[in-house]
Amino acid sequence: MCTRVMWPDANGSVIVGRNMDFHQDLHTNLWKLPRGIKRDDRIAGKLQWTAKYGSLIAGVYDLLSTDGLNERGLGGHILWLAESDYGTPDDSKPQLAMSVWLQYYLDNFETVAEAVAWTESAQPQIVPIADPTGHSKPALHLAIEDASGDSAIFEYIDGELQIYHSRDHLVMTNSPSYDQQLELVKKYDGLGGDDPLPGTCLAADRFARALYYVGVQPQPTSQLQATAAMMSIIRNCAQPFRNPEPGKPDASQTLWQVVLDLTNLRYTFESTTRPNTVWVDLNDLDFSEGSGETKLDLIGKLALEGGIAGEVHKDFAKHHKFHIVSIEQAKLIGELVQKASADIKHITKPVEEYENKIQDLVTEKLASFVNAE
């Protein structure tokens with residue numbers, strides 16, 4: 001699932017695109033998170049911090065950050081990596097629950113170099129969470145980039161942290177691990193080899209197409225052209241809706257895509273399941289401490305019937321809290337979803353009603369966590 005691609009020289013701007021691919025709706029909304037929020041590792045609370053920078057993030061079930069951009073131009077993206085192995089948890093090391101992994105970097109760092117220096121020094125462990133959709137534990141890696149065009153990718157293979165830090169690391173997809181992706185792509189025409197550019201939904205094929213097309217882009221003459229060009233690249237790497245293939249019961253499909261302008265601090269979001277395109281300039285948002293957390297509702301019935309589209313900074317509404325789940329809370333939500341799914345799956349209803357029922361249960365449980373804390 002997922003593709004991330006960076007265009008570091010779009011006529012003076014750094015542009016990044018990302019597809020979110022998954023086999024079921026993730027009920028994604030956008031959130032404005034201000035400076036000054038106190039957070040912890042969502043495990044035992046040993047690692048604590050106060051957000052130095054505000055950020056705009058795309059959530060998953062309003063439980064965790066999966067994509068985002070902070071007010072200093074650091075972007076970040078969580079993608080699937082089946083080969084991930086985070087090792088045995090070691091309390092002597094700094095630890096971060098997977099749910100807060102991306103948010104830690106958005107909260108604390110202005111540049112990739114700063115983030116890499118801390119990561120190399122601290123050697124943090126990532127602790128997987130239970131999938132809140134009620135399935136197995138997610139296996140993820142993290143990409144970050146900044147307004148200077150620097151880039152880094154963090155993976156955990158065989159229990160060891162692997163850091164790939166280079167301005168040349170423009171693309172990330174999924175399997176295999178990043179070092180192998182860099183070798184595989186060399187066989188394609190235009191990327192070092194003679195094989196024709198591949199066209200399937202496989203992660204290695206999407207990697208090759210994204211790297212090729214970002215390398216042959218003409219220079220844009222406007223921010224609109226730059227965004228449109230990146231949209232064209234990530235749409236070329238999108239996965240269509242389809243029935244599961246033999247041996248692949250959880251066939252991914254592209255649910256949404258985003259384009260980040262790290263230079264001009266614009267975040268553009270396009271949904272494939274609720275067709276709309278919205279964008280917001282971070283300079284139009286108030287990230288000051290105490291300004292409150294605000295949410296752009298992208299899934300509610302009123303938002304859809306109102307035809308939300310275009311520039312939307314005034315549509316962000318005050319919300320009590322973006323609550324990033326802890327290890328234990330994710331487990332409880334996963335169990336709740338599994339039980340609810342078994343109880344109501346026999347009911348003949350439109351898929352949207354079924355999904356909304358599950359989301360209502362998750363929201364109710366999440367509210368109880370917020371009230372308890």
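Just so we're clear, the structure is a prediction, and the values are computed from it rather than from any experiment.
- No donor-acceptor distance shorter than 3.5 angstrom exists from the side chain of D194 to the backbone of Y188, with no hydrogens or angles considered.
- Between the NE2 atom of H77 and the CG atom of L102 there is a distance of 8.5 Å, given to the nearest 0.5 Å.
- Aromatic rings of W256 and F269 (six-membered ring for Trp) have centroids within the 6.0 Å cut-off, being under it.
- In this structure, Q180 contributes its side chain and P176 its backbone to no donor-acceptor pair below 3.5 Å.
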* Decide yes or no on ring-ring contact (aromatic ring centres under 6.0 Å, His included) for Y105 and F154, but give the supporting numbers first. => CA-CA 12 Å; Y105 285 82; F154 304 111; 5.4 Å; yes

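- In this structure, CD in E110 is found 9.5 Å from CD in E71, a value given to the nearest 0.5 Å.
- Taking 4.5 Å as the limit, some side-chain heavy atom of V259 sits within range of a side-chain heavy atom of I234.
- Rounding to the nearest 0.5 Å places CZ of R72 at 9.0 Å from CD of E114.
- For the pair I327/K331, no side-chain contact is recorded, criterion being any heavy-atom separation below 4.5 Å from C-beta on.
- In the hydrophobic clustering of this structure, I43 groups with I78; members are Ile, Leu, Val, Met, Phe, Trp, Tyr whose side-chain heavy atoms approach within less than 4.5 Å, directly or through other members.
- Proximity of a side-chain donor or acceptor of R206 to a complementary backbone N or O of C2 within less than 3.5 Å is detected.
- Remark: E145 engages R4 in a salt bridge, criterion side-chain N to carboxylate O under 4.0 Å.
- Between W279 and Y267, the distance separating the two ring centers is not shorter than 6.0 angstrom.
- Linking ILVMFWY residues whenever their side-chain heavy atoms come closer than 4.5 Å, directly or via other members, leaves L79 and L184 in distinct clusters.
- Criterion: ILVMFWY side-chain heavy atoms under 4.5 Å apart, direct or through other members. Under it, I57 and I126 are part of a common hydrophobic cluster.
- Looking only at side-chain heavy atoms (C-beta outward), D21 and Q253 stay at 4.5 Å or farther from each other.
- I157 contributes atom CD1, which lies 9.0 Å from atom NE2 of H141 (distance to the nearest 0.5 angstrom).
- Ionic pairing of R235 and E270 is present here: one or more N-O contacts between side-chain nitrogen and carboxylate oxygen are shorter than 4.0 angstrom.
- Not one N or O on the side chain of R35 forms a donor-acceptor pair closer than 3.5 Å with the backbone of S55.
- Screening T28, N19, L26 for a side chain to side chain contact (heavy atoms under 4.5 Å, CB included) with L255, the sole residue that qualifies is L26.
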* **Derivation of the side chain to side chain donor-acceptor pair (under 3.5 Å) call for S252 and Q239** => CA-CA 7 Å; S252 291; Q239 300 197 52; 4.7 Å; no

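- Hydrophobic clustering of Ile, Leu, Val, Met, Phe, Trp and Tyr side chains at less than 4.5 Å, counting indirect connections, unites L265 with I15.
- Of the possible polar contacts, one joining the Q48 side chain to the G45 backbone as a donor-acceptor pair under 3.5 Å is found.
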* **Derivation of the side chain to side chain contact (heavy atoms under 4.5 Å, CB included) call for Y104 and W118** => CA-CA 11 Å; Y104 182 86; W118 177 84; 3.4 Å; yes

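- Rounded to the nearest 0.5 angstrom, M6 CE and M172 CE are separated by 12.0 Å.
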* Stepwise side chain to side chain donor-acceptor pair (under 3.5 Å) test for Q223 and D261 -> CA-CA 8 Å; Q223 185 181 36; D261 183 335; 2.9 Å; yes

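- Between the side chain of Q225 and the main chain of T227, no donor-acceptor pair closer than 3.5 Å is present.
- The existence of a salt bridge linking D40 and K46 is excluded, since no basic side-chain nitrogen approaches an acidic carboxylate oxygen closer than 4.0 Å.
- With hydrogens and angles disregarded, no donor-acceptor distance shorter than 3.5 Å links the side chain of N174 to the backbone of A203.
- Side chain of E155 to main chain of Y178: a donor-acceptor pair is present (N/O by atom type, distance under 3.5 Å, no hydrogens or angles).
- When all heavy atoms of F109 and Y53 are compared, the closest pair comes out as C-CE1, 3.6 Å.
- Here H319 and W31 bring their ring centres to under 6.0 angstrom of each other.
- No chain of hydrophobic side-chain contacts below 4.5 Å, direct or via other Ile, Leu, Val, Met, Phe, Trp or Tyr residues, connects L140 to L81.
- Taking the ring centroids of W7 and Y213, they lie at or beyond the 6.0 Å cut-off.
- Within the model, atoms CG of L211 and CG of L197 stand 9.5 Å from one another, a figure rounded to the nearest 0.5 Å.
- Not a single donor-acceptor pair under 3.5 Å links the side chain of D146 to the backbone N or O of G73.
- In this structure, S175 and E83 have side chains that are in contact, with non-hydrogen atoms separated by less than 4.5 Å.
- Judged by distance alone, with hydrogens and angles left aside, the side-chain atoms of S121 form no donor-acceptor pair with the main-chain N or O of A117 at under 3.5 Å.
- A 4.5 Å side-chain heavy-atom check between L64 and V100 finds every atom pair outside the cut-off.
- The pair R39-D107 meets the salt-bridge criterion, since a charged nitrogen lies less than 4.0 angstrom from a carboxylate oxygen.
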